[in-house]
Amino acid sequence: MAAALPEPPVVMGVVNVTPDSFSDGGLFLEADAAVEHGERLAAEGAAILDVGGESTRPGAAPVPEDEERRRVEPVVERLAAAGHAISIDTTKVGVARAALAAGAAVVNDVSAFRFEPGLAALVAEHDADCCLMHMLGEPRTMQQDPHYEDVVSEVKAFLEERLEFATSQGVPEDRVWLDPGIGFGKSVDHNLELLRRLDEIVAIGRPVVIGTSRKSFLGKLTGGKPEGERLPGTIATNVIALERGATVFRVHDVAQVVDALAVAAATVRPEDSDG
Ligand code: HH2
């Protein structure tokens, strides 16, 4: 496992420095509020803080690079200086470069180096870790009637190809984490099938990141519950993902998911438990 990845289950706390993220947009737009939020998530047990300055929700408007950088740079700098492991959630080389210089250790690219292929060389140059995620197309259009013959084998083939691209650009294979991209160009059934057959993605041999937190399919499965009432669904899906072999769990509600995963991990992997 690469240097920045602690022992699993690794909980990655979401720090959205945006006005428009789907579940917490506008809450942490000021740097002070974002830093305070990150500190709280770390205290609750997040081993990594994922700082993002651009919403990727379906239909989101793109954010200019200068603005995205202005949002995230001071937050990354202050949280990294306080000793926290930081990933930067961006698809842009310029934003990633600033975040890595400010102390980030991981680049979380929801486009898997498709939007700006030069990001791979930057990751290699900085000896950083990276998370490569599957998305169907781009955020503006990804939820317009997504279609697959077999969602799991198509996502798997995509991730294998992106892993190969990353290594061709000089990123060591053991620096790459993979993510099936729950909610990124997927119907409710696609998301459920990816979770049910997550072991097939895990079989690629790289740590798997899973991000179900508060996402809309959880609302649809629970009679239309809004974002703030999707924690039970978030926990259920993260526990299933752990059982299927996921390593990193990207969530907003850190304290509750840490406890749920501790119990789940002690149940399915008693040899790793200290309880
Ligand atoms: N999901 C979101 C953003 N980044 N990164 C990875 N690796 N995996 C995910 O599933 C993932 C991600 C969307 O969640 P959020 O950041 O809360 O919302 P928004 O994109 O609206 O800011």
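Every number for a ligand or one of its atoms is a count from 1 in the order of the listing.
- Only the side chain of N16 comes within 4.0 Å of ligand 1, judged by heavy-atom distances.
- At a 4.0 Å heavy-atom cut-off, ligand 1 touches C131 through the side chain alone.
- Proximity to N108 (heavy-atom distance under 4.0 Å) selects the following atoms of ligand 1: 5 (N), 6 (C), 7 (N).
- Every atom of ligand 1 with a heavy atom of F22 under 4.0 Å away is listed here by number and element: 14 (O), 15 (P), 17 (O), 18 (O), 21 (O).
- In this structure, CG in D109 is found 8.5 Å from SG in C130, a value given to the nearest 0.5 Å.
- Atom 16 (O) of ligand 1 has R250 NH2, 2.8 Å as its closest protein atom, hydrogens excluded (heavy atom only).
- Summarising the geometry of R250 relative to D50, their closest heavy-atom pair is NE-OD2, 2.8 Å, with the distance given to 0.1 Å.
- Interface of S21 with ligand 1, defined as ligand atoms under 4.0 Å from a residue heavy atom, comprises 19 (P), 21 (O), 22 (O).
- Classification of the H134-F158 ring pair by plane angle, with boundaries at 30° and 60°, yields perpendicular.
- If you check which protein heavy atom lies closest to atom 6 (C) of ligand 1, you get D179 OD2, 3.2 Å.
- Taking a 4.0 Å cut-off on heavy atoms, T18 fails to register as neighbouring ligand 1.
- Taking every non-hydrogen atom of V110 and a distance limit under 4.0 Å, the qualifying atoms of ligand 1 come out as 4 (N), 5 (N), 12 (C).
- In terms of polar-atom proximity, defined here as any N/O pair under 3.5 Å, D50 makes no such contact with ligand 1.
- For CD of E154, the number of neighbouring non-hydrogen atoms (other residues, nucleotides, ligands) closer than 6.0 Å is greater than 12.
- Closest to atom 20 (O) of ligand 1, if we only count protein heavy atoms, is T56 OG1, 2.6 Å.
- Proximity of R214 to ligand 1, defined as any heavy-atom pair under 4.0 Å, is not found for any part of the residue.
- The heavy-atom pair separating E44 from V258 by the smallest distance is O-CG2, 3.7 Å.
- The protein non-hydrogen atom at the shortest distance from atom 21 (O) of ligand 1 is S55 OG, 2.7 Å.
- Between the K220 side chain and the S216 main chain, no donor and acceptor come within less than 3.5 Å of each other.
- Atoms CD and CD, on E164 and E173 in that order, are 9.5 Å from each other to the nearest 0.5 Å.
- Only the side chain of M133 comes within 4.0 Å of ligand 1, judged by heavy-atom distances.
- Within a 6.0 Å radius of CD in E36, no more than 12 heavy atoms belonging to other residues, nucleotides or ligands are found.
- The atoms of ligand 1 that sit less than 4.0 Å from any heavy atom of G211 are 10 (O).
- Taking a 4.0 Å cut-off on heavy atoms, H252 registers as neighbouring ligand 1.
- Atom CG of D24 and atom NE2 of H252 lie 4.5 Å apart (nearest 0.5 Å).
- Residue T91 holds its OG1 atom at 10.5 Å from CD1 of I88, rounded to the nearest 0.5 Å.
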